[in-house]
2 protein chains.
Amino acid sequence: MRMTISDIARLANVSKSAVSIVLNDKPGVSRETRSRILAIIKKYNYNPSHLAKSLAARETKSIGLIIKEIDNPYFTKLMRGVYDACSQLGYSVLLGSSELSPVRETEIVNTLVSKRVDGLVISPLHSEEANFTYLSNLLNDNYPLVLLGTVTNYSTNVVDIDNTKAAYDAVTYLIQKGHTRIAHLAGPLWSGHGQKRLDGYQQALIDHKISIEKNYIVPVEPYTPDGYQAAKELFSKTIQHPTAVFCYNDLVAIGVINALTEMKIDVPEKVSVMGFDNIDFGMYVRIPLTTVQMPAYEIGKAGAKLLVKQINHSSMPLNEKVTLKHKIIERDSVFKHTSK
Amino acid sequence: MRMTISDIARLANVSKSAVSIVLNDKPGVSRETRSRILAIIKKYNYNPSHLAKSLAARETKSIGLIIKEIDNPYFTKLMRGVYDACSQLGYSVLLGSSELSPVRETEIVNTLVSKRVDGLVISPLHSEEANFTYLSNLLNDNYPLVLLGTVTNYSTNVVDIDNTKAAYDAVTYLIQKGHTRIAHLAGPLWSGHGQKRLDGYQQALIDHKISIEKNYIVPVEPYTPDGYQAAKELFSKTIQHPTAVFCYNDLVAIGVINALTEMKIDVPEKVSVMGFDNIDFGMYVRIPLTTVQMPAYEIGKAGAKLLVKQINHSSMPLNEKVTLKHKIIERDSVFKHTSK
DNA sequence: TTGAAAGCGCTAACAA
DNA sequence: TTGTTAGCGCTTTCAA
């Protein structure tokens with residue numbers, strides 16, 4: 001049977017509290033008693049139950065992380081950021097992934113809360129229903145919380161970049177390269193970033209007196225096969241083809257490049273392609289990808305740090321906004337366009 | 001303040017045990033009492049503390065997953081497999097990543113055990129020191145455990161593929177394509193798979209009467225820049241160049257392809273490149289990668305399932321071996337070589 | 001079918 | 001400096 005604190009106390013001829021004090025490195029016990037206790041602990045290889053401690057001390061030293069997709073390079077980086085910050089700060093992380101299901105997202109919140117994580121870092125799903133009941137509840141309970149991505153109408157801790165501005169900058173970059181016919185493969189509703197990037201795209205066109213062409217805006221699921229498919233359709237239509245396509249993310253951009261290559265449309269000579277996220281693989285694809293850097297690792301890290309700060313200052317209102325910087329990464333998929 | 005089971009009991013005019021029975025869907029309470037209790041629970045939105053339950057019931061319904069690198073496509077897939085199986089079986093997963101440090105690996109095991117996870121799925125680091133003390137301890141305590149990767153001299157539950165055979169098959173494939181000068185960029189010590197794949201490589205050469213060329217075997221870190229670097233060196237040496245290179249993993253293979261492309265050595269016409277793992281991106285790189293499929297998702301899934309089975313049959317000895325199938329994925333990076 | 005009571009392995013006043 | 005005591009919020013006998 002596993003040893004308990006009482007066993008150690010008995011073995012060391014002291015009370016449980018003395019052992020507890022030693023275990024937690026607190027003052028209040030003489031040097032020699034301490035070392036005697038320590039010796040016993042070592043001798044029996046005693047591993048105290050953090051579970052029992054959590055119940056008594058009302059903190060588990062673990063946080064819950066809820067992402068949308070495990071198997072997605074963006075979230076992987078983000079997860080690493082959260083994990084690194086947490087290990088450094090002495091927290092464990094309970095992993096949750098909604099895999100795009102709002103129902104599961106709520107379920108995960110419930111089980112993580114029932115497991116009494118000290119706080120939650122959530123990359124929230126933006127569903128059509130989008131009632132965010134779980135969010136209201138959490139906020140009502142003043143539950144330590146950090147959102148990785150903005151949810152309108154809810155005031156809480158948020159870490160994000162300025163997606164509208166980032167998309168604006170990307171499109172402006174394309175315009176400066178001489179492009180005027182710029183398509184946008186827009187992100188899905190559930191992303192929350194999709195709408196903002198679309199806004200930035202449109203604003204950039206407007207500000208540069210370029211008319212918005214409806215046919216040039218096509219919403220896609222944010223994966224390579226969807227980008228491929230969308231590009232195939234877009235470039236086989238009998239409309240004037242765009243000379244550049246700004247994609248919701250790198251995965252989509254890779255699909256676009258593949259489709260164009262297959263259609264013998266040279267990238268970037270004929271058509272420039274720009275992605276978003278700056279995933280590691282962007283530099284290894286057929287045509288190294290020009291893209292916008294999303295600091296996923298930093299977002300995760302900042303989010304976890306902010307959460308721990310919130311946990312340690314429970315009186316602090318939940319409304320800190322951290323906006324990280326984006327930047328354009330120039331590689332080979334964008335060409336200087338000289339209009340004929 | 002958060003509600004407890006006693007609050008609910010009082011409000012429903014019953015005992016705590018009655019509430020407990022209802023919460024756990026157990027028989028022993030009349031239909032009407034049950035519904036009365038349920039009503040109160042619902043009304044107050046009571047969320048029982050799984051933490052307290054865990055302490056009393058001696059099981060946490062969570063397992064620990066220890067991988068080597070979060071930000072690595074192979075482990076991401078594996079993680080997803082573990083996560084999927086666990087959610088399905090009602091377990092939470094506490095994430096741990098050694099990030100290649102044996103010291104951290106042991107620390108993680110300790111904290112996860114102190115948090116009383118019901119079991120551990122570990123992708124063990126093979127360090128030079130490789131004492132595996134933590135493993136001995138776990139085994140001594142008969143702690144529910146599944147290893148994702150074989151550790152020699154320790155009998156426990158293992159899920160893996162036959163790495164030697166897989167490498168053997170890959171090299172045989174290259175030989176059948178007419179190659180005889182085949183290099184191998186071998187994996188690192190910590191992988192555990194590295195040595196086996198090297199063995200398979202050598203055995204395949206021996207069995208086909210091809211002499212083993214020392215210069216053709218170069219150990220690398222399993223990342224793209226390292227593969228790039230190694231290829232640059234290998235192909236600038238004044239030795240007879242290989243016509244094919246079999247890489248420890250896809251990441252390395254991608255680096256090799258980039259290096260060769262840069263050196264104006266056509267892939268696959270001049271030199272064929274073969275990877276290992278079959279990561280998703282393999283099909284999107286410059287030259288779609290021919291590789292060996294490592295069923296990472298299935299390994300994770302099978303590992304978690306086996307662990308839960310072990311947890312539910314604590315008397316069962318820890319020595320089940322599950323060997324999953326590998327297979328060769330033919331794409332464009334291998335060319336039929338016709339010796340001049 | 002129900003309730004009382006002991007206990008899971010700790011922490012944290014409070015007394016001694 | 002040390003020990004006693006009463007929880008933390010559940011589960012689980014055991015009686016009623």
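In this text the structure is predicted, and so the values were computed from the model without any measurement. Lettering follows sequence order; numbering is per chain, from 1. The figures that follow rest on heavy atoms only: side chains count, while hydrogens, waters and symmetry mates do not.
- Between B/Arg10 atom CZ and C/dA4 atom P the separation is 14 Å, expressed in whole Å.
- In this structure, A/Arg34 places its CZ atom 11 Å from C1' of D/dT1, rounding to the nearest Å.
- Counting non-hydrogen atoms under 4.0 angstrom, B/Asp7 reaches nothing in the nucleic acid.
- For the residue pair A/Lys321 and A/Asn157, no side-chain donor N or O sits within less than 3.5 Å of a side-chain acceptor on the partner.
- Salt bridge A/Glu69/B/Arg80: absent, no basic N to carboxylate O contact under 4.0 Å.
- Side chains of B/Glu99 and B/Ser97: a donor on one and an acceptor on the other come within 3.5 Å.
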### Message
Could you go through A/Thr60 and A/Asp118, starting from their C-alpha distance and side-chain angles, then the distance that decides it, and tell me whether this counts as side-chain hydrogen bond (donor to acceptor under 3.5 Å, both in side chains)?
### Response
CA-CA 6 Å; A/Thr60 56; A/Asp118 293 339; 3.2 Å; yes

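- A/Thr150 and A/Asp160 share a donor-acceptor pair across their side chains, judged by distance under 3.5 Å alone.
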### Message
Counting primed atoms plus P, OP1 and OP2 as sugar-phosphate and everything else as base, spell out the protein contacts along nucleotides 8-16 of chain C at 4.0 Å heavy-atom distance: B, S or - for each nucleotide, 5' to 3'.
### Response
BBBBB----

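- No donor-acceptor pair closer than 3.5 Å links the side chain of A/Arg104 to the backbone N or O of A/Ser101.
- Contact check, B/Thr33 against C/dT1: no side-chain N or O comes under 4.0 Å of OP1 or OP2.
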